[in-house]
Amino acid sequence: MKRSGKSITSKQHAAGWAFLAPASILIVVMSFIPIIQAILMSFKTGSSANMKWVNPFTYNYTRMFQDKLFMRSVGNTFLYLLIEVPIMLVLAILLAQILNNKNLKFKGFFRTCVFLPCATSLVSYSLIFKSLFATNGLINSVLVKLGILETNYNFLGNATSARIIIILALIWRWTGYNMVFFLAGLQNIEYSVYEAAKIDGASSWKTFWHITVPLLKPTIVMTMIMSINGTLQLFDESVNLTSGGPANATITMSHYIYNNSFGQGVANFGYASAMSFFVFILVAILAFINMKVGDKRD
């Protein structure tokens, strides 16, 4: 029996490794090896054909902190992060709460309407917002006809308004995506909990703040990490909506990394790799902070 048991166990382990092996090999080849190569490349300089080790070894990393344009891209990215992520998550929770009401009619229709922006490709929706806020676009036409503006305003040609448009586009695109996660979390909360709170005389606000939010904390932490991760790697909106302009006023870190790799014909892969690794470290640190703050388990 023991020999038979060991034989069955070993066969089960072998079968498990056989199923895991193809995916594990692909992950190593397609993800881990390129990551290691990128880290090594961050200590090199020169064109892709003639790369050599830098001297001093940390040259690319010290260079990025002296690069004013990169520092501007970091500032822009964090500006989008600090404004867009809280607004988007609050809207997502509120919409999920409204659309989770069992007495609401046409819930499926409203949920679909809120989620539909997520089905739009990143390039398409960026170009749509670009055309809407163009000097001769729909927004200008409406504002002029309503008498709010006297003449057409160049929204994308002004640094402040261009940043606001990017933030509005991000909120429009990703609120419904996060709402789906909050809806799933709300539907896992027993309705009897709300009934008990109602019997105890709790108001709607107290019920939401003291019951719904604490029970949604794991979902809030997850969506916060995903939103921060996505915003720190923001690329499509900067490239397709504003092209980083005006005068690089809206450029993001990923956009600047792309410019150094391919966009400007420089092919400065060593410096771009160093900046990419810097973004990776930022994502890891902020994700760790979120998990530590959000996880209150003893």
Side-chain angles (χ1 to χ4, degrees), residues 42 45 47 59-88 121-144 148-174 227-280 282-283:
S42 70
T45 188
S47 63
Y59 170 74
N60 285 328
Y61 290 93
T62 55
R63 175 186 171 185
M64 75 173 71
F65 293 106
Q66 298 169 358
D67 187 341
K68 292 182 179 179
L69 186 51
F70 179 68
M71 287 293 101
R72 180 184 293 180
S73 72
V74 173
N76 287 336
T77 305
F78 272 90
L79 176 68
Y80 303 145
L81 174 68
L82 293 173
I83 297 175
E84 169 252 340
V85 171
I87 294 174
M88 177 181 63
S121 73
L122 294 170
V123 175
S124 299
Y125 104 92
S126 298
L127 294 176
I128 290 169
F129 268 80
K130 186 175 183 178
S131 64
L132 284 173
F133 287 94
T135 308
N136 57 348
L138 178 64
I139 301 299
N140 264 306
S141 299
V142 172
L143 292 177
V144 169
I148 298 174
L149 294 177
E150 293 182 1
T151 58
N152 290 358
Y153 182 76
N154 188 4
F155 287 102
L156 299 175
N158 179 275
T160 302
S161 58
R163 293 189 187 106
I164 292 172
I165 291 168
I166 288 179
I167 291 169
L168 289 174
L170 290 169
I171 292 171
W172 180 85
R173 175 65 170 76
W174 295 107
S227 300
I228 290 173
N229 186 7
T231 307
L232 288 177
Q233 300 177 68
L234 192 63
F235 177 76
D236 294 88
E237 292 78 6
S238 176
V239 173
N240 298 306
L241 183 52
T242 62
S243 300
N248 293 314
T250 60
I251 194 169
T252 60
M253 291 188 289
S254 295
H255 190 179
Y256 188 59
I257 292 169
Y258 171 81
N259 284 346
N260 277 270
S261 300
F262 311 104
Q264 297 173 336
V266 180
N268 196 348
F269 294 123
Y271 185 42
S273 297
M275 291 187 287
S276 300
F277 195 60
F278 174 75
V279 175
F280 169 77
L282 282 179
V283 170

Start with the C-alpha distance between Met88 and Leu170, add both sets of side-chain angles, then the distance that settles side chain to side chain contact (heavy atoms under 4.5 Å, CB included), and finish with yes or no.
CA-CA 8 Å; Met88 177 181 63; Leu170 290 169; over 6 Å; no
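- Looking only at side-chain heavy atoms (C-beta outward), Met253 and Leu282 come within less than 4.5 Å of each other.
- Of the options Phe278, Tyr59, Phe70, a ring-ring contact (aromatic ring centres under 6.0 Å, His included) to Phe65 is made by Phe278 and by none of the others.
- Counting only heavy atoms from C-beta outward, the side chains of Tyr153 and Asn158 approach each other to under 4.5 Å.
- Leu143 contributes atom CG, which lies 11.5 Å from atom OG1 of Thr151 (distance to the nearest 0.5 angstrom).
- By the 4.5 Å heavy-atom criterion applied to side chains, Ser73 and His255 are not counted as neighbours.
- For the pair Phe235 and Leu122, the minimum side-chain heavy-atom distance is 4.5 Å or more.
- By the 4.5 Å heavy-atom criterion applied to side chains, Asn76 and Ile251 are counted as neighbours.
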Carefully, step by step, assess Tyr256 and Thr252 under the rule side chain to side chain contact (heavy atoms under 4.5 Å, CB included).
CA-CA 6 Å; Tyr256 188 59; Thr252 60; over 6 Å; no
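- Rounding to the nearest 0.5 angstrom, the gap separating the CG atom in Leu156 from the CD1 atom in Ile166 is 8.5 Å.
- In this structure, a donor-acceptor pair under 3.5 Å is absent between the side chains of Thr250 and Ser238.
- Considering CD1 of Ile171 and CD1 of Ile87, their distance stands at 4.5 Å, rounded to 0.5 Å.
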Step by step, would you call Val283 with Ile228 a side chain to side chain contact (heavy atoms under 4.5 Å, CB included)?
CA-CA 7 Å; Val283 170; Ile228 290 173; over 6 Å; no
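- Going from atom OG of Ser273 over to atom CG of Asn60 covers 8.5 Å, rounded to the nearest 0.5 Å.
- The backbone N or O of Ala249 sits less than 3.5 Å from a side-chain atom of Arg163, completing a donor-acceptor pair.
- Counting only heavy atoms from C-beta outward, the side chains of Ile83 and Leu79 approach each other to under 4.5 Å.
- Using modelled atom types, one finds a donor on one side chain and an acceptor on the other under 3.5 Å when comparing Tyr125 with Glu237.
- Taking every heavy atom of both residues into account, Ala159 and Pro246 meet most closely at N-CG, 3.7 Å.
- Between Tyr80 and Leu234, some side-chain heavy-atom pair lies under the 4.5 Å cut-off.
- Of the inter-residue distances, the one linking Phe78 atom CZ with Leu82 atom CG reads 7.5 Å to the nearest 0.5 angstrom.
- Ring pair Phe129/Phe133 is parallel by interplanar angle, where below 30° counts as parallel and above 60° as perpendicular.
- With hydrogens and angles disregarded, a donor-acceptor distance shorter than 3.5 Å links the side chain of Asn152 to the backbone of Thr135.
- Taking every heavy atom of both residues into account, Met64 and Met71 meet most closely at O-CE, 3.6 Å.
- Residue Tyr61 comes nearest to Ser42 through the heavy atom pair OH-OG, 2.7 Å, listed as atom of the first residue, atom of the second, then distance.
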Test Ile165 against Thr242 for side chain to side chain contact (heavy atoms under 4.5 Å, CB included), laying out the working first.
CA-CA 9 Å; Ile165 291 168; Thr242 62; 6.0 Å; no
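- The shortest heavy-atom contact between Asn140 and Leu149 is OD1-CD1, 3.7 Å.
- Listed by chain and residue number, Phe277 satisfy the side-chain contact (heavy atoms from CB on, under 4.5 Å) test with Phe280 (two or more places apart in sequence, or in another chain).
- Residues Tyr271 and Thr45 have side chains not in contact (no heavy-atom distance under 4.5 Å, counting atoms from C-beta outward).
- For the pair Ser131 (side chain) and Ile128 (backbone), a donor-acceptor distance under 3.5 Å is present.
- Formation of a donor-acceptor pair under 3.5 Å by the Asp67 side chain with backbone atoms of Arg63 is not found in this model.
- Listed here is the closest heavy atom pair of Lys130 and Leu241: N-CD1, 3.3 Å.
- Ser227 contributes atom OG, which lies 9.0 Å from atom CG of Leu81 (distance to the nearest 0.5 angstrom).
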